[in-house]
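Below is one structure; the comments refer to it alone.
Proteins come first, then strands; the chains are lettered A, B, ... in the order of their sequence lines, and each starts at number 1.
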2 protein chains.
Amino acid sequence: MRTVTIADVAKHAGVAVSTVSYVLSGKRAISAATRQRVLDSVRELGYHPNAGARALASKRAKVIALVLPLRAGMNLPVLMQFATSVVTTARQYDHDVLLMTADEGADGLHRVAASALVDGLLLMDVEIHDPRVPLLRKLAEPSVLIGFPADPEGLTCVDLDFARAGALCADHLAELGHREIALLGAPRVVYERGTGFAERTMAGFVEAARRHGLQADARPCEESFDEVHAAVKLLLDERPGLSGLVVHNEAATGHVLGALRILGRRVPEDVSVVAICPDDIAERASPALTSVLIPAEDVGRQAVRLLMAKLEGQAVPESTLLEPRLTIRESSR
Amino acid sequence: MRTVTIADVAKHAGVAVSTVSYVLSGKRAISAATRQRVLDSVRELGYHPNAGARALASKRAKVIALVLPLRAGMNLPVLMQFATSVVTTARQYDHDVLLMTADEGADGLHRVAASALVDGLLLMDVEIHDPRVPLLRKLAEPSVLIGFPADPEGLTCVDLDFARAGALCADHLAELGHREIALLGAPRVVYERGTGFAERTMAGFVEAARRHGLQADARPCEESFDEVHAAVKLLLDERPGLSGLVVHNEAATGHVLGALRILGRRVPEDVSVVAICPDDIAERASPALTSVLIPAEDVGRQAVRLLMAKLEGQAVPESTLLEPRLTIRESSR
DNA sequence: CCTTCGCGTCGAAGCGCTTCGATGACCTGC
DNA sequence: GCAGGTCATCGAAGCGCTTCGACGCGAAGG
């Protein structure tokens with residue numbers, strides 16, 4: 001069973017090859033009658049354009065690269081949600097997604113761009129001093145970054161507004177009347193790496209707390225139960241008056257609740273807890289956690305949209321910050 | 001800056017286009033001198049073959065599709081590890097990976113195959129009665145499945161030997177002298193969906209326990225703390241003599257430990273716990289869990305190898321089962 | 001009535017690569 | 001010294017598609 005080509009369709013419909021092409025791309029007017037005849041033939045023969053040929057002739061592969069970090073300390077469920085939404089959104093624009101891991105590094109980006117395998121790049125988990133950023137500027141390949149490097153000048157970046165997220169948590173706790181609050185963040189290594197989002201959350205939190213005149217405290221937090229337990233214990237020992245706790249560390253969220261239980265603090269009676277995490281985790285915890293969700297889907301969708309706009313040659317804003325949303329559940333009062 | 005083509009390289013090296021092609025593919029003998037000259041030109045000009053043109057002419061895109069499920073109840077970290085190892089291994093064979101989500105369904109498979117976007121398919125999380133399987137047979141596109149459908153006849157399937165994994169746990173507990181043991185599995189929905197691996201683990205466990213003359217019990221297990229707590233409590237109430245517990249549910253693993261702690265059972269003094277999960281989770285738990293690891297990386301690597309072999313036209317075994325490995329840590333004695 | 005225009009369609013020229021058959025140059029052995 | 005055989009290289013024919021310019025035709029305009 002030889003594969004069906006555009007020539008087969010043309011013959012079957014009794015038109016020229018170019019006519020079929022124009023029907024399919026809509027780049028020239030075609031009479032309704034002809035269009036219908038062609039479309040029928042396409043369906044009947046089960047025609048699918050050959051991707052390579054199309055890419056070669058049109059210089060558009062209809063594929064974008066998704067560069068995932070896949071390294072320690074990352075938040076897998078969020079990453080996954082994100083990847084899903086990227087794929088889904090890309091498909092809506094009739095594009096496919098090539099998966100790349102960051103360990104191919106800059107060479108990898110160069111390779112896929114130079115070989116015209118992809119039309120654009122989507123980089124996740126961009127760091128403050130990301131070695132890929134300078135290359136990106138050189139390549140002049142359309143790209144969108146998730147996260148912010150130190151100097152976003154001339155790039156297109158999307159992210160949740162983490163500063164606002166941190167602030168939102170502090171606002172919420174302040175509103176409830178708490179006077180002493182703290183934030184438990186990502187593992188130390190994440191800060192050392194200079195990943196922007198973790199720092200920005202802390203900064204937003206501290207700043208908002210200061211504005212409200214609260215006593216606040218923000219520190220990294222490792223992910224094993226024992227370390228979480230130790231950290232929570234230390235915190236409670238040092239700050240007896242502490243009554244509000246923000247957790248921005250998915251893996252640790254459950255452990256924090258466990259540690260509080262063991263340390264004899266009730267949630268929310270003794271300590272109010274607010275998490276920054278996806279909704280499903282917050283809902284599954286017990287008690288269900290008041291949370292600021294990380295809108296991975298929105299970010300993915302938005303990133304793809306921006307990239308598509310760039311592929312069309314449209315101008316797009318340099319930075320897009322997505323507004324966080326607080327959902328109140330059982331863990332805060 | 002026009003992009004460099006093979007013709008540019010040919011001119012620069014003073015040879016024919018076909019000679020450059022043969023140097024690069026190694027499909028015909030080329031004198032050492034010429035080869036070197038061509039290679040130098042390639043480097044100097046920074047030449048990267050155009051993927052579309054190559055695909056068109058050679059009928060090989062050097063891209064494989066990775067079809068991920070991305071639905072509820074899946075084990076994200078494992079999935080991620082798996083995806084990483086697939087990408088890495090594929091790159092070793094000079095192939096790239098196109099990411100597809102299962103919700104594109106059979107149409108999606110058909111599309112990428114018919115458009116020659118990819119040379120082969122890697123399907124994850126195959127179910128017993130998977131709607132994609134019949135299509136796969138029709139397509140005659142080289143493919144490898146992770147997991148086993150009801151009838152693997154004529155397909156190529158790879159998976160961890162879950163029956164052995166379950167058995168290994170039972171063996172281990174029997175050896176330690178436990179007489180009453182139980183297995184807490186995946187959420188009920190996973191069994192209802194007919195995902196093979198969960199069932200096979202249970203079967204292997206039960207069978208091995210029977211062989212050792214142990215009293216055994218295997219049940220599904222949800223993933224919220226409350227439900228896990230309830231399930232563990234019920235189990236201990238019903239089976240006071242229970243002293244060995246196997247957990248085959250990543251999300252629940254931590255909660256089981258928490259529940260036992262709350263219910264006043266020490267691990268491993270009162271109850272020995274064995275988990276079936278990736279090593280990092282087992283190590284991070286406290287106490288560190290004796291575990292059978294899910295070798296996601298091996299599975300990914302093996303799957304890609306098999307697919308590449310098929311692309312070369314080689315015959316490959318219908319089914320490949322990867323041997324599980326038990327690592328003894330602190331949670332069992 | 002003839003020119004002009006726009007619409008719908010066609011033919012052909014590539015896009016950059018692989019691959020097949022052909023062509024020399026050079027060696028071997030009788 | 002020449003037929004036969006290698007070895008290295010070349011030229012050209014596609015692969016299946018897009019796109020540009022051209023063309024025929026009926027409608028509109030003078």
Task: Student check: side-chain heavy atoms of B:Glu104 and B:Val112 closer than 4.5 Å - done: no

Open item on the list: Within the 4.0 Å limit for protein heavy atoms, which parts of nucleotides 8-18 of chain C are touched? Write it as a string from 5' to 3', B for base, S for sugar-phosphate only, - for none.
Closed with: SBBBB-BBBBB

Task: Residues B:Asp298, B:Arg301: salt bridge by 4.0 Å N-O rule - done: yes

Open item on the list: Does B:Lys11, at its NZ atom, have more than 12 non-hydrogen atoms belonging to other residues, nucleotides or ligands within less than 6.0 Å?
Closed with: no

TODO: Start with the C-alpha gap between B:Leu99 and A:Val86, add the side-chain angles, then the distance that decides, and say whether side-chain contact (heavy atoms from CB on, under 4.5 Å) holds.
DONE: CA-CA 10 Å; B:Leu99 182 61; A:Val86 166; over 6 Å; no

- [ ] Would you please name every residue forming a side-chain hydrogen bond (donor to acceptor under 3.5 Å, both in side chains) with A:Arg60, sequence neighbours left out?
- [x] A:Asp119

